[in-house]
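Below is one structure, written out as structure tokens, with a few remarks after it.
The basis for the numbers below is simple: all heavy atoms, side chains too, and nothing from hydrogens, waters or symmetry mates. Residue numbers start from 1 in every chain, and the chains themselves are labelled A, B, ... in the order their sequence lines are given, proteins ahead of strands. Since the model is a prediction, treat every value here as computed from it, not as a measurement.
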2 protein chains.
Amino acid sequence: MKSLLANIKITVDEKVYLKDPESSVKGQQIIQTSILLIDELGLESFTFKKLAERIGTTEATIYRYFESKHTLLVYLISWYWNWLEYRLVFATSNIASAEDRLKIAIHILSGKIENDANFAHISEVALQRIVIAESAKAYLTKEVDTDNKHGFFLSYKRLCKRISNIIQEINPDYKYPDSLVSTVAESAHYQIFFSQHLPSLTNINDSKQSQLEEFLTDLVFKAIEK
Amino acid sequence: MKSLLANIKITVDEKVYLKDPESSVKGQQIIQTSILLIDELGLESFTFKKLAERIGTTEATIYRYFESKHTLLVYLISWYWNWLEYRLVFATSNIASAEDRLKIAIHILSGKIENDANFAHISEVALQRIVIAESAKAYLTKEVDTDNKHGFFLSYKRLCKRISNIIQEINPDYKYPDSLVSTVAESAHYQIFFSQHLPSLTNINDSKQSQLEEFLTDLVFKAIEK
DNA sequence: GAAACATAATAGTATTACTATAGTTATTAA
DNA sequence: TTAATAACTATAGTAATACTATTATGTTTC
């Protein structure tokens with residue numbers, strides 16, 4: 001299986017970077033190390049200077065790949081959504097029942113992640129923690145409209161639309177498929193965050209990952225029931 | 001009505017500030033102007049220096065009230081949640097039916113706001129925009145656990161618990177009342193944000209505020225149905 | 001072997017998020 | 001009324017941030 005997928009590559013829209021980090025060893029180091037460092041320090045304390053030091057290069061080099069810390073974050077998050085979409089497409093192909101496909105989608109959205117051997121330089125586990133804790137900061141800015149015009153959020157929108165389509169297959173009369181999907185996708189993140197840091201806001205137990213999936217599956221299927 | 005409530009005051013836990021901004025004219029100016037300025041510039045571009053200039057004072061004065069930009073944000077958000085709680089308690093008193101009380105709660109969570117004449121120095125409309133666009137940044141930090149120990153999120157937790165209790169009254173067997181409430185509260189915010197900036201992620205129309213309420217009411221009542 | 005490119009090294013800028021200190025004005029208490 | 005105290009203003013300073021700019025050095029590639 002591993003070798004079969006060896007030449008799969010998750011690509012991110014080229015508007016997000018100045019130079020494709022997948023195209024060089026330095027670029028891959030930047031991605032790999034930035035994931036570990038943002039996870040470790042949090043976005044606020046993460047700087048290109050610290051990243052450069054850890055890689056053994058200088059800020060200038062990193063700025064040849066990414067215009068800013070913000071676009072690097074957008075890159076990482078886009079990569080994550082593209083990876084989820086790839087897993088979703090893979091897991092739902094040849095499955096006739098829309099209900100089953102929707103269950104798989106919710107499983108993937110709420111799922112505990114394992115590092116994917118197909119992408120050795122990416123720690124998906126750390127990346128998921130970044131997406132949980134930092135992804136809202138990618139769009140909650142005054143620049144959201146121009147960023148959106150540049151296609152910075154296409155990966156997320158594409159994944160959501162794919163799941164929304166499954167819902168419409170099941171119940172074409174349900175009026176809020178897009179809202180339901182974005183609600184579930186966002187909820188999956190901060191329910192995990194709450195369970196770890198503000199547990200009174202959730203009934204999900206940090207260690208029992210299946211509860212989140214149950215909560216969301218129940219929510220979605222009841223909402224779209226005819 | 002206005003005069004009846006003239007002596008009502010929303011208070012924020014004293015751990016959030018160094019000196020109570022409600023206790024002086026300067027303090028009230030700080031609150032009033034910071035709401036307008038954060039709304040205008042966004043949290044990232046907002047600085048104490050700009051705030052001081054607009055008020056006609058210096059940074060030092062503002063630092064006597066708030067330790068940092070972060071605690072000022074926590075103050076504003078706490079004030080907002082306390083204000084919602086006060087409106088919720090007011091609107092649900094003497095209403096016997098738990099279902100009706102839950103509907104009111106969802107209405108308030110998803111509701112379009114009008115400025116409240118009882119608190120002249122606070123623009124609730126601008127404050128709601130701040131809560132929508134910036135409140136996640138108050139807890140999505142590496143300091144969330146210490147902030148939580150200091151009680152920075154008590155207002156939000158108290159409001160959520162109150163609504164969660166209504167749900168438990170309606171269906172004591174429902175397993176995820178707290179998760180459902182925090183999901184709805186968060187969803188109410190970013191569905192509005194999405195409708196304005198990333199409309200493909202939602203079916204809610206920016207101008208039709210009743211859709212959001214309908215979406216959330218439907219979601220909640222179906223979820224907790226026996 | 002020259003041109004083109006990637007990276008490194010170094011320096012510099014405007015701004016931020018504060019801290020420190022001294023002086024001025026307003027409030028309160030004896 | 002005076003003296004003490006608190007609130008506020010003015011000014012200066014610091015370390016760090018998020019970049020930009022320039023020049024030098026090595027490395028491919030035609």
Side-chain angles (χ1 to χ4, degrees), chain A residues 14 16-34 37-38 40-76 121 134 137-138 140-143 146-147 152, chain B residues 14 16-34 37-38 40-76 121 134 137-138 140-143 146-147 152:
Chain A
E14 56 177 15
V16 178
Y17 48 75
L18 298 172
K19 177 181 154 80
D20 185 359
E22 288 289 340
S23 71
S24 72
V25 175
K26 265 275 121 79
Q28 289 182 12
Q29 267 182 60
I30 288 171
I31 299 307
Q32 176 171 39
T33 310
S34 66
L37 209 53
I38 293 174
E40 194 181 316
L41 304 175
L43 188 66
E44 283 71 28
S45 301
F46 166 85
T47 68
F48 277 8
K49 199 177 180 182
K50 289 172 187 167
L51 174 60
E53 267 162 31
R54 179 137 346 166
I55 297 175
T57 181
T58 59
E59 284 178 275
T61 301
I62 296 158
Y63 276 105
R64 307 192 89 258
Y65 288 86
F66 293 100
E67 206 187 307
S68 63
K69 180 163 134 174
H70 179 245
T71 54
L72 172 57
L73 177 68
V74 170
Y75 180 93
L76 296 178
H121 64 296
E134 320 288 359
K137 297 169 193 168
L140 293 177
T141 71
K142 284 282 174 190
E143 294 76 38
T146 44
D147 284 2
F152 282 13
Chain B
E14 56 176 14
V16 177
Y17 49 74
L18 299 173
K19 177 181 152 81
D20 185 1
E22 290 288 340
S23 70
S24 72
V25 176
K26 266 275 119 82
Q28 289 182 12
Q29 268 182 58
I30 289 170
I31 299 308
Q32 175 171 39
T33 311
S34 66
L37 208 53
I38 293 173
E40 193 182 315
L41 303 175
L43 188 66
E44 283 71 30
S45 301
F46 166 86
T47 67
F48 276 9
K49 199 177 180 182
K50 290 171 187 168
L51 174 60
E53 266 162 32
R54 179 135 348 165
I55 297 174
T57 181
T58 59
E59 284 178 275
T61 301
I62 296 157
Y63 277 106
R64 306 191 91 255
Y65 287 87
F66 293 102
E67 204 187 306
S68 64
K69 178 164 137 174
H70 180 247
T71 52
L72 171 57
L73 177 69
V74 170
Y75 180 93
L76 296 178
H121 64 295
E134 319 290 0
K137 298 169 194 168
L140 292 177
T141 71
K142 284 281 173 190
E143 293 77 39
T146 43
D147 283 4
F152 283 13

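- B:Lys142 NZ: more than 12 foreign heavy atoms inside a 6.0 Å radius.
- A straight line from CD of B:Glu53 to P of D:dA10 spans 12 Å, rounded to a whole angstrom.
- Here the CD-CG distance, from B:Glu134 to B:Leu43, works out to 5.0 Å after rounding to the nearest 0.5 Å.
- Rounded to an integer number of Å, the gap from B:Leu73 CG to C:dA17 C1' is 15 Å.
- In this structure, the CG atom of B:Leu51 is 17 Å from the C1' atom of C:dT15, given to the nearest Å.
- Put simply, B:Lys69 has no side-chain N or O that comes within less than 4.0 Å of OP1 or OP2 on C:dC18.
- In this structure, A:Phe46 places its CZ atom 12 Å from C1' of D:dA18, rounding to the nearest Å.
- Atom CG of B:Asp147 and atom NE2 of B:His70 lie 4.5 Å apart (nearest 0.5 Å).
- Rounded to whole Å, atom P of C:dA6 lies 16 Å from atom CD of A:Gln29.
- Taking atom CG on A:Leu43 and atom C1' on D:dA18, their separation rounds to 13 Å, with Å as the unit.
- Following rounding to the nearest Å, A:Lys26 (NZ) and D:dT28 (P) show an atom-to-atom distance of 13 Å.
- Of the residues in residues 56-66 of chain B, those with a non-hydrogen atom less than 4.0 angstrom from any atom of DNA chain C are B:Glu59, B:Tyr63.
- Atom CZ in A:Arg64 sits 12.5 Å away from atom NZ in A:Lys26 (nearest 0.5 Å).
- No engagement by B:Lys49 is indicated, since no non-hydrogen atom pair under 4.0 Å with the nucleic acid exists.
- Checking B:Phe152, B:Tyr65, B:Phe66 one by one against B:Tyr75, the ring-ring contact (aromatic ring centres under 6.0 Å, His included) holds for a single residue, B:Phe66.
- Dashed line: the shortest gap from a side-chain N or O of A:Lys19 to OP1 or OP2 of C:dA6 is under 4.0 Å.
- Few gaps surround CD on A:Glu40; more than 12 heavy atoms of other groups in view lie less than 6.0 Å from it.
- For B:Glu44 and D:dC19, the CD to P distance is 12 Å, given to the nearest whole Å.
- Rounding to the nearest 0.5 Å places NZ of A:Lys137 at 9.0 Å from NZ of A:Lys69.
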